[in-house]
Amino acid sequence: MGLDGGFLKFTRLEPRHEPVEERIKHFNEFIAIYSDTEGREQASRCMDCGIPFCQHQCPLHNTMPDTQQYVSDGDWESAWRVLDSTNSFPEITGRICPAPCEEGCTLGLHRDAVSIKAIEKKIAEVAFSRGYVTPQPAAASTGCSVAVVGSGPAGLAAAQQLARMGHAVTVYEKMDKPGGLLRYGIPDFKLGKKVVDRRLDQLVREGVRFVLSTRVTGTDGETLEPEVHDDAESTISIAALQAKYDAVVLALGAEVPRDLKLPGRELSGIHFALDFLIAQNRVNSGGGVNPVQVRGKHVVVIGGGETASDCIGTANRLGAASVTQLDYHAELPLKADLMREWPDWRHIKRTSTSQEEGCTRLFATNTVSFEGKNAVESVKTVQVKWGPGRKITPIEGTESEVKADVVLIAMGYAHPSHAIVKALGLATDKRGSIAAPVDGPEAWRTAAEGIFAAGDGRFGQSLVVNALAEGRECAAAVDKWLRDKQSEAAPLWRE
């Protein structure tokens, strides 16, 4: 695969990153794209291992060996066709996916893994620049219509697939622009919004219709939880959608954030992460002012995931005096025992590009309270020890206090808004996510007839690549259900 012995000839090359001191001055993407030569050389490192664990580890099951071979040969168009057949938006996953495929790369057992993510981004950008990416409208209409509620990655992937299958698709979005967390959750320095708009333009050309600033409600017009962001200027009931469309896909996302209800939580200066990130994305697109001002202030970010990292990078770009991250998980080792963990995700300490830009990271540190008079002034903490059953025990004598003018709670998201869920009487799992199986004859169906669910609202907070996979698979289930209904309704004989 690739060049014969390419993995012996070439070492892994990371795409060039703009220096920290330069990139924190702006919100533009700062990771370069491989040159054609670099892309071919890196793809040639694929070692034809025989069993593509990389493909298995990818939720979309992209056929990495085939794409690496085509890139190594300089056949960018064939590489794009193969990649496009499994991945709805490789230009997006090539930017923000944590690349579980690379964790499963066989070469990674004894050398650095093939840089699959960076090669994927390169393929996508070549495809757009050379005109390989074109609208793919359906050859014929099925006469069926589908409403998709939510325009995040799962909703967009489902809409794309359903439109290409010949169904009339309308996407309902409560925000003023489509994209969900791709637009409003992920900072521009990781995913420029022109990348999102470029793909949305293709979907529109394929026949997908977007209805924006419109909230889908329950039968009694239930409102969303107060923590959920909403640009809606109008509403439509889920009952109206059921009456108007042949099927409905709920791609709601997991938008209700986990709170930290501790003493002092009522103090001003304490915000949910998305209050900060969404506002800044609006500012970057030319509108509004971020109400969470961090310039010259001491910022404490509570949480250890990607959202916390996004808050760190954004705060640094806005001129925070200091950024401290509180993570109640224990600090992990820098290396893993690959014989025990490969090809699965490695439990090691990882440092994001945002953390590289300036951040004090405190591990095994639990928040005890928020201190201050009217506004937060500090966060009291204690170190903890992890025990069996993920039980954490405070360590006596380790109490401390971290100066804080602004606190950002980035502890993840609990479940989707339950307004529609309650109106339909849908079952939920113990986390509050919509219950819908992923296999069998009822795959992706909710308890309500003709209502399907996919993405974080069904699975729980997860990766964009998982949402894309769910959206695509859900679309296939909707298509089969609609065609089966058409077949049942057809006469048993033909003239």
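Heavy atoms only: backbone and side chains are in, while hydrogens, waters and symmetry mates are out.
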Inset, instruction - Show your working on side chain to side chain contact (heavy atoms under 4.5 Å, CB included) between Lys174 and Val228 and close with a plain yes or no. - result: CA-CA 11 Å; Lys174 60 181 169 46; Val228 177; 4.0 Å; yes

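- Between Asp73 and Gln69, the side chains place a donor N or O and an acceptor N or O closer than 3.5 Å (distance only, hydrogens not considered).
- By the 4.5 Å heavy-atom criterion applied to side chains, Trp444 and Val478 are not counted as neighbours.
- Ring geometry, His56 versus His61: the interplanar angle falls from 30° to 60°, so the pair is classed tilted.
- Salt-bridge formation is detected for the pair Asp479/Arg483: a Lys NZ or Arg NE/NH1/NH2 atom is positioned less than 4.0 Å from an Asp or Glu carboxylate oxygen.
- Using a 4.5 Å cut-off on side-chain heavy atoms (C-beta onward), Ile116 and Cys54 make contact.
- Taking a cutoff of 4.0 Å between a charged side-chain nitrogen and a carboxylate oxygen, Lys485 and Asp246 do not qualify as a salt bridge.
- Looking at heavy atoms from C-beta onward, Val146 lies out of side-chain contact with Phe452 at the 4.5 angstrom threshold.
- The existence of a salt bridge linking Arg282 and Asp231 is confirmed by a sub-4.0 Å separation between a basic side-chain nitrogen and an acidic carboxylate oxygen.
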Legend entry - Full working for side chain to side chain contact (heavy atoms under 4.5 Å, CB included) between Glu255 and Leu224: CA-CA 10 Å; Glu255 295 186 282; Leu224 303 176; 5.8 Å; no

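- Between Arg95 and Glu91 there is no salt bridge, since no side-chain nitrogen of the basic residue lies less than 4.0 Å from a carboxylate oxygen of the acidic one.
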Inset, instruction - Let me see the working for Leu262 and Thr367 under side chain to side chain contact (heavy atoms under 4.5 Å, CB included), right down to the final yes or no. - result: CA-CA 8 Å; Leu262 297 172; Thr367 305; 3.7 Å; yes

Inset, instruction - Check the pair Gln280, Asn284 against side chain to side chain donor-acceptor pair (under 3.5 Å), reporting the backbone distance first and the verdict last. - result: CA-CA 6 Å; Gln280 191 55 44; Asn284 294 345; 3.0 Å; yes

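- No cation-pi contact links Arg198 to Phe89, judged by a cut-off of 6.0 Å to the six-membered ring centre and 45° from its axis.
- The nearest pair of heavy atoms linking Val208 to Ala163 is CG2-CB, 3.7 Å.
- Trp386 pairs by the ring-ring contact (aromatic ring centres under 6.0 Å, His included) definition with Tyr328, His329, not counting sequence neighbours.
- In this structure, Ser88 and Leu156 have side chains that are not in contact, with every pair of non-hydrogen atoms separated by 4.5 Å or more.
- Smallest separation of non-hydrogen atoms from Trp76 and Gly39: CH2-CA, 4.4 Å.
- Side-chain atoms of Thr351 and Arg361 form a donor-acceptor pair, as typed in the model, at a separation below 3.5 Å.
- For the pair Arg199/Leu203, a side-chain contact is recorded, criterion being any heavy-atom separation below 4.5 Å from C-beta on.
- For the residue pair Glu103 / Gln57, no side-chain donor-acceptor distance below 3.5 Å is found, with atom types taken as modelled.
- The residues Glu102 and Lys117 are annotated as not salt-bridged, no charged nitrogen and carboxylate oxygen being separated by less than 4.0 angstrom.
- Tyr132 places none of its side-chain heavy atoms less than 4.5 Å from the side chain of Asp84.
- Side chains of Thr93 and Asn87: a donor on one and an acceptor on the other come within 3.5 Å.
- Taking 4.5 Å as the limit, every side-chain heavy atom of Glu306 sits out of range of all side-chain heavy atoms of Ile186.
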